[in-house]
Amino acid sequence: MAARIARSITKSVLSKEQSEGDGARVFRSIGSYALRNLDPFLMLDEFDVRAPAGFPDHPHRGFETVTYMLEGEFLHEDFKGHKGRIGPGDLQWMSAGRGIVHSEIPANDKRNHGLQLWVNLASKDKMAEPNYQELPKEEVAHVSPEPGVDIKVIAGTSYGTTSPVVTRTPTMYIDVKLAKGKKIEQEIPENYTGFIYTLAGSAKFGGQEHVSDAHHTLVLSNNLGTYVPVESLSDDTHFVIIAGKPINEPIVQHGPFVMNTQQEIYQAFSDYQHGRNGFEGASEWTSSIRD
Ligand SMILES: Nc1ccc(F)c(C(=O)c2c[nH]c3ncc(Cl)cc23)c1F
Ligand SMILES: [Fe+3]
C-alpha cells in the first residue's frame with residue numbers, strides 16, 4: 001500500500017467579477033492572470049447570468065467545455081442542430097475537437113448560476129469529431145459517505161463511486177457539500193494538477209487556515225500528494241475539487257481556439273471563416289435560441 005501524503009494549498013486567489021460574452025458577468029478562476037498554466041486546465045468561469053445576457057454564437061476548437069449548472073437553466077444550440085437545456089444539477093461535457101459553433105443562453109431572467117471548465121485536449125485529440133456527453137441530474141453519479149457529506153462525482157472517482165463520463169484528458173471533478181464539522185479526504189491521483197474552487201461557506205483545506213468565503217481558487221501542491229483533506233467550519237460549505245493529468249504540450253490559445261502552434265491557430269481562423277475542416281456550414285449559421 002503506497003504511503004498516503006496530504007496535498008497542501010500553495011496559492012489562494014480571490015476571483016473578481018468580469019464581463020464576458022454578451023452582457024454576461026463571470027467570476028474567472030483558472031485563466032485569470034494569477035491562475036494560468038494549470039495544465040490541462042485552460043479556464044474555469046463561475047457564471048451568474050440573467051437573460052437577455054449570455055454567450056451567443058461562437059466557435060470552439062481543440063479543447064472541451066464542461067458546463068455544470070448549480071441553479072437555473074441554460075439553453076444551447078450548435079450549428080449542426082444539436083440543441084437542448086441544461087437544468088439544475090445537469091452536466092454537459094462537450095468535446096469540441098475539430099470544431100463546434102454554438103450559442104449558450106440563459107432560459108430566463110432569473111438567476112442562472114453554474115461553472116464552465118475548459119479542459120485542453122492533447123494534439124492527437126484536437127481534430128477529433130465533436131462529441132457530447134450530456135447527463136441530467138439523475139444520471140450524475142452521487143455518493144454520501146456519511147450524513148452531512150454530499151458528493152456529486154462529475155468525473156473520476158470519489159469514495160468508490162465513479163462517474164460514467166469518459167475523459168479524453170484524464171480528469172477528476174467533484175462537487176462537494178459539507179455540514180459543519182464534517183471532513184472528507186479526496187484521493188488525487190499522483191502528478192495530477194489539482195485545485196479547489198469555493199462556492200459557499202468556510203472550511204479548512206489541506207489542513208491549513210480556512211477560506212471564509214466564496215469565489216476562491218486554492219491551488220494544490222504538486223508534490224506526490226495522494227489526497228486532499230477538507231474540514232467544514234460552517235453548515236453550508238460548498239466547493240468543487242478538480243484535478244487533471246498534465247498534457248505537457250505547447251499551448252497556443254486565441255480566444256476559443258486552443259492549438260499547439262501559431263500556424264494551427266491561423267488555420268483555425270481560416271477554417272472558421274471559410275467553413276472547412278469541421279466548420280462546414282458555420283458561416284451561414286445563426287442560432288435560433290437567441291430570439
Ligand atoms: N468571450 C468569449 C469567447 C469565447 C467563449 F467561448 C466564451 C464563452 O462562451 C464563455 C466564457 N465563459 C463562459 N461561461 C459559461 C458559458 Cl455557458 C460560456 C462561457 C466567451 F464568453
Ligand atoms: Fe461555448
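In each ligand, atom 1 is the first atom listed, and ligand 1 is the first ligand listed.
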Could you tell me, atom by atom, which parts of ligand 1 come under 4.0 Å of a heavy atom of G21?
1 (N), 21 (F)
Salt-bridge contact E20-R28 (side-chain N to carboxylate O under 4.0 Å)
yes
Residue, atom and distance of the protein heavy atom nearest atom 2 (C) of ligand 1 read E20 OE1, 3.3 Å
Residues forming a ring-ring contact (aromatic ring centres under 6.0 Å, His included) with H238, sequence neighbours excluded
none
May I ask you to decide if the ring planes of W118 and F63 are parallel, tilted or perpendicular, using 30° and 60° as cut-offs?
tilted
So for ligand 1, is W118 a polar contact partner (N or O within less than 3.5 Å, distance only)?
no
Does ligand 1 have any atom that is closer than 4.0 Å to a heavy atom of M43?
yes
Modelled atom types, side-chain donor and acceptor of T157 and E187, under 3.5 Å:
no
Which residue and atom name correspond to the protein heavy atom nearest atom 11 (C) of ligand 1, and how close is it?
D45 OD2, 3.6 Å
Could you verify whether a donor N or O on one side chain and an acceptor N or O on the other, from T161 and S158, lie under 3.5 Å apart?
no
If you round to the nearest 0.5 Å, how far is CG of L199 from NE2 of H113?
6.0 Å
Looking only at non-hydrogen atoms, which of F47, F74, F55, F63 approaches atom 13 (C) of ligand 1 most closely?
F55
H102 and H82: side chain donor to acceptor below 3.5 Å
no
Numbering as shown, the atoms of ligand 1 that approach H60 to under 4.0 Å (heavy-atom distance)
6 (F)
For E104, counting its heavy atoms only, list the atoms of ligand 1 lying under 4.0 Å from any of them.
9 (O), 17 (Cl), 18 (C)
Worked check of side-chain hydrogen bond (donor to acceptor under 3.5 Å, both in side chains) between E104 and H58
CA-CA 9 Å; E104 299 160 289; H58 60 275; 2.9 Å; yes
Is T10 reaching over with its side chain to a backbone N or O of V219, donor-acceptor style, under 3.5 angstrom?
yes
State whether K180 and D235 are salt-bridged, where the test is any N-O pair (Lys NZ or Arg NE/NH1/NH2 against Asp/Glu carboxylate O) under 4.0 Å.
no
What protein heavy atom sits nearest atom 9 (O) of ligand 1, and how far away is it?
H58 NE2, 3.0 Å
Should D48 and R25 count as an ion pair when the cut-off is N to O under 4.0 Å?
no
For atom 5 (C) of ligand 1, state whether the nearest protein heavy atom is under 4.0 Å away.
yes
Below 2.8 Å, which protein N, O or S atoms neighbour the Fe ion (ligand 2), ignoring water?
H58 NE2, H60 NE2, H102 NE2, E104 OE1
